[in-house]
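These notes concern the structure reproduced below.
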Amino acid sequence: MPWTCEQILALAPDASAAKSGRELAMPRKWVSLGTDVDAAWGECQGSANDPYQTRIDLSEPAFKCSCPSRKFPCKHALGLFLLLAQQPAVFSQCGRPDWVDEWLGSRRERAEKKEQRREAGAAAAAADPAAQARRAAEQARRAEAREDKVARGLDELDRFLRDLVRQGLATVRDKPYSFWDAPAARLVDAQAPGLARRLQELAGVASADGRWQEKVLERLGRLHVIIEGYRHIAALPSDMQADLRAAIGFTVPQEDVLSGTGVRDQWLVLGQRVHEEDRLRTQRTWLWGQACRRAALILHFAPAGQPLDISLVPGTALAAEVVYFPASYPQRALIKTRLSNPRSLSEVLPAPRREREADGNGHGTVATALARCAEALATQPLLETFPLWLETVVPVRIAGGWNLRDEDGRLMPLERGCGGTEWMLAALSGNAPIDVFGEWDGDALRALSAWVDGRLVRCSWPDPVGAQDLEG
Amino acid sequence: MEIANELLRVALLGTERQPLPWPEQAADGLGRLLSALDAGDREGALLGAAGALAVYRRAGRVSATRETVPVPCPRDAQPRCSERAALHLAQMLEDPHKLPVLPEWLQALRAKDKRIPEEKLPPLLELGRRDRELRETLVPALGKRGAWLASLNPDWSYALASSAETGEDALEVWQTADTPDRQRLLRTIRREYPDRARKLVESTWKEDPPEERAAFLAELRTGLSMADEPLLEEALDDRRKEVRQAAIDLLARLPESRLVRRMSERVLPLIAIPDGEPATIEVRLPEASDKAMQRDGVALKPTADHGNLGEKAFWLLQMLRAVPPSHWSHRRELPPERLLDAADRSEWKEVLMRGWAEAAARFRSPGWAEAMLLRADALQDGAARAPLLEALPPAQQQAVLLELMPDAHRTAAEHQGWVALLRACERDWSSTFAEKVVAHSLGILDSRYGFHLEPALSLCSLTVPPSLYPTVAAQLGEGSDDAWGWRSRAVEKFLVLLRFRWDMLQALEE
């Protein structure tokens, strides 16, 4: 697919790598350059005697360079990729050198081995009932210990909530952050990180402007629902059990998820954002199934300063099998199998409105989108954010606040203080309809991208702390 | 919802002070849910009801409506610039080293009849808010979408005046805008319609505060002609010194003005150039100052930068600089060089040289300016001579700079002086000139004066025609193994920026 420079630069781990990468995107910096369908490669003269060998696996993309940089992708990989996007003519097509072939081969081998190991593991487990029983017993013991801890944590949280409403919420606004952080820390110890995060967020909600009392009470009520739900979990259907466990912070092993059957579709990468909290970076990537019209949220985690996954680039689309984590309204998912190389979104989506099917690509109007959200809440009441893809909307400012107005005149408020996103959307629209993708938290939409004139434009702004969710 | 308000009230005060309001519940789903809660457990019931209501409200959210249909902004006919060009723009916006190229990019964008990608309009408008100089190239490139966007944000209103600049509403904008905007409006109109611009100034002359009157007069320097003379002559009687000074400064550039005529009448009798070889100059100092002299800008006391001159010598200097230098060459039909030689031998050398230098710059006398620049000591004080260079047409500027180009044996001050003159040189360099300047800078860069040539090289990276890039890059050893081993960072920076501009202009062709 034709990668755009912007997409490539979005892969840079930091601004300085992006800058150096751009400066390396000149043919004169490279001793050799080559490409074929699956890969691109080049040798770059650096400060060492031998040129650095840089290679790109175009199917994901993945990178490998012989330079000593710890950044990933390094400036050579970025420079090579940018050069490929800008001046493909300077790349020769005369066959892969060994150092590229070996790398691609080893990548394939590793992927196959991983698959074999998984199958072999499953087979071995089935073949040795005694070992299987031992492992199961050990797992059950650990699970029981955790259940105990969580139950005690929930009891403590329950007392904390009850004390709050007994004494009244009027004074919580004046409490220091430690008022929330201390019980949150105890919830982390009790292995209930999901609840800990919800409690921590309350500090920000209590000190925010506008209807804070109502919002604090709503959140306390939702916490109470989780506690009560978990106490009666045995009586609930299995999907709802999964919802509750995810909300508390139980994780599901990825192998378990991947062993399930996925949804095969053309998945459009519509939005991505990264936020950092407690030295942990979380990247949220939203996919949209073109045929199934469902969203899938792919999460990647990395310690601050470490590279995040870069294989999903907004503005691209790929055929893939995607498996959802168990939930009554599944959102979080994993990519099980890639069935095609990524393509540009503009090749997949019909651009001008008039050529579209009557019912469009996404949710359509504000009313339809809210109805979809209500349906989702009806099956999964604990849902925190809901992805919306609004079509033919116009950003309008009403009394200082920005909204998206659909063709029926209905309004969807945009998140306030998002550092210029509203102006960017206004500039893209010029009062003419555009499509906007974003996350709806029940109060406001956080726009992540706009689809206009056949191109996906990302909205980016420094990410505020908080407001994350880890469903699944 | 009543129940929600009641719950909130109790939650704020605390269940220990307030009983739970547990009114009869409606028979709908929510009512059935709420009545299932154990009212005896006050805290549990309150929290449970709050949790249920939170989901209930969120699921039942009804959006607000707005009847007014937004009126679409007219479309720009120009195609959006290529993706590669947009990337160059993004680079300029985030890299301060590349930002100085932005005006060139904007001009090229307009020349190629392309438009700015819409998502880049807000950061550009924001940049123009802080950087007034940028506005000149930015505002015309914004297109209809940019102007429309600016109309929504008062911070960006500077981008709006353009529609009024040549149109009918210029007068209205002139009467209502703030000072910087009026100045900008004036400057733009003045370039094409000097008379209309002057009439704008006259229309509010009586009401405008003195600082503005002075600032507006200064704008008349563009397109100055005898048509402005009556207004300027009148301004000589203004109550405020700044206004008078601005008027004098302009009148002393109009050879036909009454002020110049009066000055000539004053100073011509004081300077004699008797027959004989070599030429000599006899100077008589003015004897007394009078009101008329002072009105024409001949100040009584020497200012700090004329500290070494006597009072009367200072008067003479002020008269000399207000008289076109051609007066002196026409006296005995002597070329400027001969008169300068004569002045060199005079005891009033300093007064004559300074007065003539300022006059040559003001009246744009290329013959005099060139003669003064090519004198032996020209590079000693390059910065002070920059106005003389500006009096020359571009081709002549470049010829003079090549002539003056100092070799490695000259002093540091001379190298600096040359760079100062280079800075004053018009921007559109010929390829030959650019090549020579680059070669010179690179040659000197390795000498002990290399330090002084670094600014010249960074100036070159912005002014050298980008089409020279392949030649220059080849000269610097394109593709050689130790490409940067011995080269200084200055060279690399120069090449990177030149390459960027070369690339950038190519991308705008796509």
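The chains referred to below are lettered A, B, ... by the order of the sequence lines, with proteins before strands, and numbering in each begins at 1.
- Shown here are the ring pair (Phe, Tyr, Trp, His ring centres under 6.0 Å) partners of Trp423(A), two or more places apart in sequence or in another chain: Trp402(A), Trp156(B).
- By a heavy-atom distance cut of under 4.5 Å, not one residue of residues 503-510 of chain B is near chain A.
- With salt bridges taken as basic N to acidic carboxylate O contacts below 4.0 Å, one links Asp453(A) and Arg80(B).
- With sequence neighbours excluded, the residues satisfying side-chain hydrogen bond (donor to acceptor under 3.5 Å, both in side chains) with Arg9(B) are Glu6(B), Gln18(B).
- With Leu47(B) as the fixed residue, the side chain to side chain contact (heavy atoms under 4.5 Å, CB included) test singles out one of Leu161(A), Leu164(A), Leu223(A), Val225(A): Leu161(A).
- Both the backbone and the side chain of Arg66(B) come within contact range of chain A, judged by heavy atoms closer than 4.5 Å.
- In this structure, Pro70(B) and Val394(A) approach most closely via the heavy-atom pair CG-CG1, 3.8 Å.
- Looking at Asn153(B), the atoms closer than 4.5 Å to chain A (heavy atoms on both sides) sit in the backbone and in the side chain alike.
- No side-chain donor-acceptor contact under 3.5 Å links Asn431(A) to the backbone of Cys73(B).
- For the options Leu87(B), Leu7(B), Leu46(B), Asp95(B), heavy-atom pairs under 4.5 Å to chain A are most numerous at Leu87(B).
- Contacts of Arg405(A) classified as salt bridge (Lys or Arg N to Asp or Glu O under 4.0 Å), with partners at least two apart in sequence or in another chain: none.
- In terms of heavy atoms, Ala25(A) sits closest to Arg499(B) at O-NH2, 4.4 Å.
- Contacts of Glu83(B) with chain A are made by side-chain atoms alone, with heavy-atom separations under 4.5 Å and no backbone atom involved.
- Salt bridge status for Glu218(A) with Arg57(B): present, with a side-chain N to carboxylate O gap under 4.0 Å.
- In this structure, chain B has a heavy atom under 4.5 Å from the side chain of Lys19(A), while its backbone stays farther away.
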